Each structure stands twice: as structure tokens, then as C-alpha cells.
Amino acid sequence: MELIANQRCFDGEQRRYRHRSETLQCDMVFSVFLPPAAVGRAPESVPVLYWLSGLTCTDENFVTKAGAQRYAAEYGVAIVAPDTSPRGDTVPDDPDGAYDFGLGAGFYVDATEAPWSQHYRMYSYVSDELPRLINEQLPVDADRVGIFGHSMGGHGALVLGLRNPEQFRSISAFSPIVNPSVCPWGQKALGQYLGQDSSLWQQYDATELVLQTAARTPILIDQGMADNFLGEQLKTRQFIAACEQAGYPATIRMQAGYDHSYYFIASFIEEHIGFHAAALVD
């Protein structure tokens, strides 16, 4: 890990690191906020949250727009924000330069189809390689971990959390893509990363996963009712129906007047961090 930026923030530190990822076969950059207890001469081990961003984002969008550092400092939790895809001159991109596939659009899956399979393995990067690196080199408690995200990142948070209940003790999301198997964004990405056999897509579909899991990891979702993507892309109603069918006690809040932007995230980020902090208390 190479430290490439470090700013004092709410008596903690907002850091940025670069490292070589063997999983993604490229150099990666990620951001970390450490609360006051985790910095200084005698740093304490603190709970850690992983934030997954949406289409077109890097690690910096959440760090600069969400206003999360104040509340992470108050609740005493670290926040790790990885990039949304592999990067570099050797990493393939959408041939048409579309925003919803390729660079900035890794969809948090492990691709199996060429040419994507060499680099696009964001599921393994977020669930394995990055946490191992963080746990080894930063003062975080590997047994107190939550995951949250926005849009494509909300999809990633739900999938990673539902598939790994022993690793992630809490899950939350803003405006998540909850049923990618049946929406245009998801069908495009999953079809190219995983192939056209749609039965293989279900392992990355939160609406399918919530019907299969026996775990009951706490889930909080906020969805804006003025979100232009709600009906066609996000499919929140399908996830609500699946939770009701499965008897999964998720908290899903439809927020009147809010859209898909970071203004929405900033409005409720304190509640999400507080939700995770409560779930991660030993």
C-alpha cells in the first residue's frame, strides 16, 4: 500500500492509497477514512464499513460528496471506499465508450467471459483481496464489518452481504439495483461479463439471493420516489415482494421527493452509519 494522500478531517484522517491488485491484474486506488480513535500514537482497532459506489464513479465521489466523515468520526467507524472497476491501459472498456459497462462499471461480479475475465473480478476484490490488505495494515476490527453502497454499488453491497453473512454483519443501500437480471443495466452487464445463460446471473441478483439465504443480516434501504431510474432500472418493488415472500425483515424506506443524486445520500448518510454502528457493537 502506497499512501498518496492524507488530510486531517474531524480529528480523524481521510487517506488515499494505491496498490497492485493481483485479483484485478492492475494498479488500484482506494480511499479510507479513519476516525480519531484509529489515528495517533496509540491507534485503536475500530469497526469498518465498505462503501461501494455506482456507475461512472471512482473512490472519490463518496469521499467528497456524501459528508460521511463527520458521522464516521462520531460513531467511531472506519470507511473504505474502493474504485468501481479495474483501471489501466491494458484493461478493456466498452468498445462504444458507454457509461454503463466497462471502466467505471464493474458491477461487483467476477467475469467469466473474455476479454473481461482477466481483470473484471470486483466481487473477489471487495470480498477477499481488499479486506485482507486493510486488515493487515490498518487498525480495523475484522470481526466487525458492514457494507453499503449506492445504485450499482447498492447492488454490490446487497449481493456481497447476502452471500457472505459470516463476513458482513450489516448491509445498507441507497437506490440499489436490486433485480439486475430483469433491468437494462443489469442485463447488459451480466450478459457480457457472465455470458447469455441467465441462470448464472442469479448469484449476483439480490432479489433472487434474498429468497435463498437462511441468514438474516440486518438490511436498510433508502429509495427516493423521485428517482428517474426507479421503475426501469432499480426494481425496488420486486425486492420488497421477495423479502415478504422469504420472511426477511429488511427495512425499506421509500423517501418522497428524493432523486438518485448524492444530495439524497447526504440527507440520510448519518442514519445509515448509525444503523451499521449499532449492528457492529459487540
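In this text, all values refer to a predicted model and were calculated from it rather than measured experimentally.
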Has the side chain of [X] got a donor or acceptor atom that lies under 3.5 Å from a matching backbone atom of [Y]?
X    : Y    : value
H119 : L24  : yes
Q137 : I134 : no
Q233 : W185 : yes
D205 : S181 : yes
E129 : S21  : no
D259 : S261 : yes
W201 : G195 : yes
R216 : T213 : yes
D110 : S124 : yes
E208 : Q203 : no

Which residue, Y262, F264, F229, forms the ring pair (Phe, Tyr, Trp, His ring centres under 6.0 Å) with H150?
Y262

Exactly one of Y263, F174, F268 should register a ring pair (Phe, Tyr, Trp, His ring centres under 6.0 Å) with Y258. Which one does?
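With Y258 as partner, ring pair (Phe, Tyr, Trp, His ring centres under 6.0 Å) holds for just one option, F268.
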
Could you go step by step and tell me if R16 and E60 meet the side chain to side chain contact (heavy atoms under 4.5 Å, CB included) rule?
CA-CA 9 Å; R16 203 163 187 235; E60 292 187 290; 3.5 Å; yes

Does [X] share a hydrophobic cluster with [Y], counting links as ILVMFWY side-chain heavy atoms below 4.5 Å and allowing steps through other members?
X    : Y    : value
I177 : L194 : yes
Y99  : Y193 : yes
F275 : M254 : no
L49  : I219 : no
L220 : V48  : no

Does a side-chain heavy-atom distance below 4.5 Å link [X] with [Y]?
X    : Y    : value
V140 : N135 : yes
M122 : L52  : no
V32  : E13  : no
V46  : V77  : no
Y120 : F107 : no
Y108 : V159 : no
R144 : R169 : yes
L138 : R15  : yes

State whether a side-chain donor-acceptor pair under 3.5 Å links [X] with [Y].
X    : Y    : answer
Y125 : D83  : no
Q167 : S127 : no
N61  : S53  : no
D222 : H272 : yes

Distance, nearest 0.5 Å, that separates [atom1] of [X] from [atom2] of [Y]:
X    : Y    : atom1 : atom2 : answer
S151 : L234 : OG    : CG    : 6.0 Å
R253 : M225 : CZ    : CE    : 14.0 Å
D143 : E166 : CG    : CD    : 11.5 Å
L34  : C9   : CG    : SG    : 11.0 Å
Q223 : K235 : CD    : NZ    : 12.5 Å
L133 : F30  : CG    : CZ    : 5.0 Å

What's the verdict on ring pair (Phe, Tyr, Trp, His ring centres under 6.0 Å) for Y204 and Y123, showing C-alpha distance, side-chain angles and the deciding distance?
CA-CA 9 Å; Y204 297 108; Y123 178 89; 5.8 Å; yes

May I have the step-by-step check of side chain to side chain contact (heavy atoms under 4.5 Å, CB included) for Y248 and T217, ending in yes or no?
CA-CA 9 Å; Y248 200 114; T217 306; 3.7 Å; yes

is_close_aromatic(W116, F101), centroid dist under 6.0 Å
yes

If every non-hydrogen atom of [X] is compared with every non-hydrogen atom of [Y], which pair is closest and at what distance?
X    : Y    : answer
P165 : A215 : CB-CB, 3.6 Å
P92  : P115 : CG-O, 3.8 Å
Y75  : E270 : CE1-O, 4.2 Å
A72  : I79  : CB-CD1, 3.8 Å
V80  : P82  : O-CD, 3.6 Å
P35  : G76  : CG-C, 3.8 Å

Would you mind checking if K188 and D94 are paired as a salt bridge, meaning a charged N to carboxylate O distance below 4.0 Å?
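So D94 pairs with K188 through a salt bridge.
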
Does this structure show an ion pair linking D27 with R18, if we count only N-O contacts that are shorter than 4.0 Å?
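Judged by the 4.0 Å cut-off on N to carboxylate O distance, D27 and R18 do not form a salt bridge.
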
Flag yes if more than 12 heavy atoms outside D128 fall under 6.0 Å of its CG atom; otherwise flag no.
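Correct, the count exceeds 12.
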
Do other residues, nucleotides or ligands put more than 12 heavy atoms under 6.0 Å from the CD atom of E44?
no

Classify the angle between the aromatic ring planes of F148 and W51 as parallel (below 30°), tilted (30 to 60°) or perpendicular (above 60°).
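Ring orientation, 0 to 90° scale: perpendicular.
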
Determine whether L209 and L158 satisfy the following criterion, side chain to side chain contact (heavy atoms under 4.5 Å, CB included), listing intermediate values before the conclusion.
CA-CA 9 Å; L209 291 171; L158 287 164; over 6 Å; no

Begin with the C-alpha distance, continue with both residues' side-chain angles, and end with the deciding distance and a verdict on side chain to side chain contact (heavy atoms under 4.5 Å, CB included) for R87 and T58.
CA-CA 10 Å; R87 304 278 180 177; T58 68; 3.5 Å; yes

Cation over ring, R163 on F168, under 6.0 Å and within 45°?
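Checked: cation-pi criterion not met.
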
